[in-house]
Every structure is written in structure tokens, then in C-alpha cells.
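Let me begin by presenting the structure, written as C-alpha cells, before commenting on it.
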Amino acid sequence: MRHATIIGTGSYLPDNIMTNDDMARLVETSDEWITSRTGIKERRISTGETTSDLAYEAATRALSNANLDAKNLDLIICATISPDSFMPSVACIVQERLGAINAAAFDLTAACTGLIYGMAIAASFIESGMFQNILVIGAETLSKTLDWSDRSTCVLFGDGAGAVILSASDQKEGIMSITLASDGSKQDYLCLPAIPLSNPFIEKGEDVIKPFITMKGQEVFKFAVRSITDMIKKLLSKANLSHNDVKYVIAHQANQRIIEVAAKTLGIPNEKFFINLDKYGNTSAATIGIALDEMVQKDMLQPGDRIILIGFGGGMTSGAILLEWS
Ligand code: UT7
């Protein structure tokens, strides 16, 4: 049977570091509050690079890591909630810059679960035999979506991009199992409005819709813990494995406390959960790709290691992938 396996990873973060102390000069907050409630110490904030710039850099590094020519890509998927424009898509901009002339390209919106949804779609295309090589990118410039006077949200997020290249393999390694879910009844937990309806048939209202992220923090926290615990149980039972058979879990990097509560509930040691949110904050669709690439750069993954990737976010959406590293 054809499997989808990861043959390359890449990531890119803007150079500009914004620390918690920098944040405390903007809003009524402190390093102590942000660190103790979230684990975040600093984040990267773009000083001019767009989402497609970050996506392109991460994609270039993933191609080089995979030793693959861009012309061999069949599909580019970019997961983002902060595209440069509704059209062209970030994926099409990246396709042109990479010279990936044989690739189809589109963006997808599943918020912080975007990379997992993208990898699931890519795996299906590969397993069906339709495509051989697929680039999946998670890229965000969330700094442009933040109300910088709202301390309850602006301290949490950052900019960045992560990318993976999935390829067809006849070996048993690669993606073993996937679970995806959505719960639209919780759509008001995390919101980022787009262009409001406006045409000659609509009376102009007084309300000005602000293009900023709003969030019901505690509700999201509970949803996140439930998603991580439920999905890990589901994936492991589907594969007839226990958590002892898994080397690492890479959960969406939103809040260290979310990960610790989930780990405790599942009885999995904290050390199995990779954490880098202290350096980058929550970069939405990008966190899992950035984390995975950091682990690859640090040589933490060996062939045969089983790892779980888990995302959760606006929509609400959630998804997880169990894979064997090759
Ligand atoms: O990709 C998914 C994205 N979102 C998330 O993952 C968010 C999930 N939720 C969380 O991570 C947590 O709910 C937060 C970190 C957002 C908030 O932590 P919390 O422990 O739930 O705090 P809270 O909202 O209950 O607020 C506690 C206090 C409030 O003050 P009062 O009412 O007790 O006086 C807030 O006004 O902390 C205050 N507060 C802050 N204080 C200093 C809220 N934000 C800040 C801040 N600095 N940045």
C-alpha cells in the first residue's frame, strides 16, 4: 500500500524578537503574568515580511532538507488565517516564487489545526495515487490581526511559518492514522472577522467590524485540553498502541499549561511533549511545522520513532496524526 511519509521539513521566523518586557511597555501586563499563565517568554513579530514571504522561506528550507526540486511538487497547500490577500492565495504566490510549475496550489482555513488538515488532505491525495510530492505550509503574520491594546490576546500570538513535504512511499513508515473533527457550535470561542457584507441592497449600519482576533480564553483552554486528551486516546486505540509506544507528542503551541493539564490527565510524562512556545508564542497554523522542524534540526527523531502531531483551534477545529518517522 502507498503511504505518505515526511521527506523534508523547514521553518522560518522573522528576526525581530519581542519580549514580555517589550509587551509590558505597550499594555498593562508583566513578564511574570505572561510566563506563569502561558509559558511564553518572547515572540517574533514581522517588521515588513508578509505571510507569503515567511511561507516561501519555510518552503525553500523544506525543499532543501528533502533534496527535492520544486518542479517535482504536484501540490502546494498553505494553511493560514492571515493570508496576504483572499486572492491570489499564499500557495499560488509561493508556487510562482519557487518555480513549482507543475504544482496545483490552494490555501485552507482551519485556524491552528490548519497544518494537520493540510497534511490529512495531502496524505489522501498520495494514498489515492493522484500525487507523488506535496508541500504543506502553515504560515501566519498574526501580528496584523491583533488588537495591540487588548492584553488578553496580544501577548499570546506571534508570526512564523513551518513546512513539511510529504511523499509517496511503499515502506510501512509514514502516516499511520489521522483523526479530524470540527464543532461549529463553538464558533464564537475564537473569531477573526473578514470583509463585512456590503452592497447596494444593504443599509449601512453603525457597527464597525474590527479585523482583530477575539477569544473566550477559558472556553478555548477547556476545549484544547479535551481535544488533546480525546484525540490521543482515539489515535492510540485505533493503532492498538499505548503512549509508551510513542516517543514524542507535538501539540499546537498555544499555552504550556494546556499541554501540562492534558499530559497529567493522560498520565503521559511532560517530557514527551515538545515545547518551543516560550520562544515563538502561538503562531496558529505554523506552530506544529516549526516545532517539527526544530526537532529535526536538533536530530531528535530517529527512523522508527512514533510521534503524534495534534492541533486545535478556531472553528472550533481539531485534528491529530500518528506517524512513524522514516
Ligand atoms: O490557538 C488557540 C488560541 N488560544 C488559546 O489557546 C487560549 C487558551 N486560553 C488561555 O491560554 C488562557 O485562558 C489565557 C492565557 C488567555 C488567560 O489565562 P486565564 O488564567 O484564563 O486568565 P483569565 O482570563 O481568567 O484572566 C485572569 C486575570 C483577569 O483579571 P481579573 O479579572 O482577575 O482582575 C484578566 O483581566 O488576568 C487578567 N489578564 C491579564 N493580566 C495581565 C488578562 N490578560 C492579562 C495580561 N496581563 N496579558
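Order of listing sets the numbers, starting from 1, for every ligand and every atom in it.
Close approach of ligand 1 to V155 (heavy-atom distance below 4.0 Å) involves ligand atoms 48 (N). In the vicinity of R37, heavy-atom distances shorter than 4.0 Å reach the ligand 1 atoms 19 (P), 20 (O), 22 (O), 27 (C). Listed by number with element, the atoms of ligand 1 under 4.0 angstrom from any heavy atom of N255 are 10 (C), 11 (O), 15 (C). Each of the atoms 6 (O) of ligand 1 lies under 4.0 Å from some heavy atom of A254. Listed by number with element, the atoms of ligand 1 under 4.0 Å from a non-hydrogen atom of T38 are 15 (C). If you number the atoms of ligand 1 from 1 as listed, the ones under 4.0 Å from a heavy atom of I258 come out as 6 (O). Short contacts between ligand 1 and N282, defined as distances under 4.0 Å to a heavy atom of the residue, involve ligand atoms 1 (O), 2 (C), 3 (C).
Using a 4.5 Å cut-off on side-chain heavy atoms (C-beta onward), I121 and I77 make contact. Two residues are said to be in side-chain contact when any heavy atoms from C-beta on lie closer than 4.5 Å; N270 and I259 fail this criterion. Between F106 and L75 there is a side-chain heavy-atom pair separated by less than 4.5 Å. Contact annotation: the side chain of I268 approaches that of I232 to within less than 4.5 Å [non-hydrogen atoms, C-beta and beyond]. Side-chain contact check for D147 versus I213: every heavy-atom pair is 4.5 Å or farther apart. The shortest side-chain heavy-atom distance between V220 and M316 falls under the 4.5 Å cut-off.
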Review point. Step by step, would you call D107 with F86 a side chain to side chain contact (heavy atoms under 4.5 Å, CB included)?
Key: CA-CA 9 Å; D107 287 358; F86 290 130; over 6 Å; no
Review point. How far apart are the C-alpha atoms of L146 and D150, what are their side-chain angles, what is the distance that settles it, and do they pass the side chain to side chain contact (heavy atoms under 4.5 Å, CB included) test?
Key: CA-CA 8 Å; L146 299 175; D150 175 11; over 6 Å; no
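Among protein heavy atoms, the minimum distance from atom 5 (C) of ligand 1 is reached at V220 CG1, 3.6 Å. Looking only at heavy atoms of the protein, atom 7 (C) of ligand 1 is closest to M215 SD, 3.7 Å. The nearest heavy-atom contact from the protein to atom 47 (N) of ligand 1 is T29 OG1, 2.6 Å. Looking only at protein heavy atoms, the nearest one to atom 17 (C) of ligand 1 is W33 CH2, 3.9 Å. In terms of protein heavy atoms, atom 18 (O) of ligand 1 is closest to R257 NH2, 3.7 Å.
We find that D188 and K216 are joined by a salt bridge, their nearest charged nitrogen and carboxylate oxygen being less than 4.0 Å apart. With salt bridges taken as basic N to acidic carboxylate O contacts below 4.0 Å, one links K298 and E294. K186 and D183 are joined by a salt bridge, as a carboxylate oxygen and a charged side-chain nitrogen come within less than 4.0 angstrom of each other.
Of the protein's heavy atoms, none falls inside 4.0 Å of atom 34 (O) of ligand 1. Within 4.0 Å of atom 42 (C) of ligand 1, at least one protein heavy atom is present. The nearest protein heavy atom to atom 9 (N) of ligand 1 is closer than 4.0 Å. Proximity of atom 13 (O) of ligand 1 to the protein is indicated by at least one non-hydrogen atom lying closer than 4.0 angstrom. For atom 37 (O) of ligand 1, the nearest protein heavy atom lies closer than 4.0 Å.
Ranked by closest heavy atom to atom 30 (O) of ligand 1, the top entry among E28, R151, E32 is R151.
Residue S152 places a heavy atom under 4.0 Å from ligand 1.
Remark: side-chain polar atoms of R43 are paired, donor with acceptor, to backbone N or O of M18 under 3.5 angstrom.
Considering backbone and side-chain N/O of Q218, one or more are found under 3.5 Å from N/O of ligand 1.
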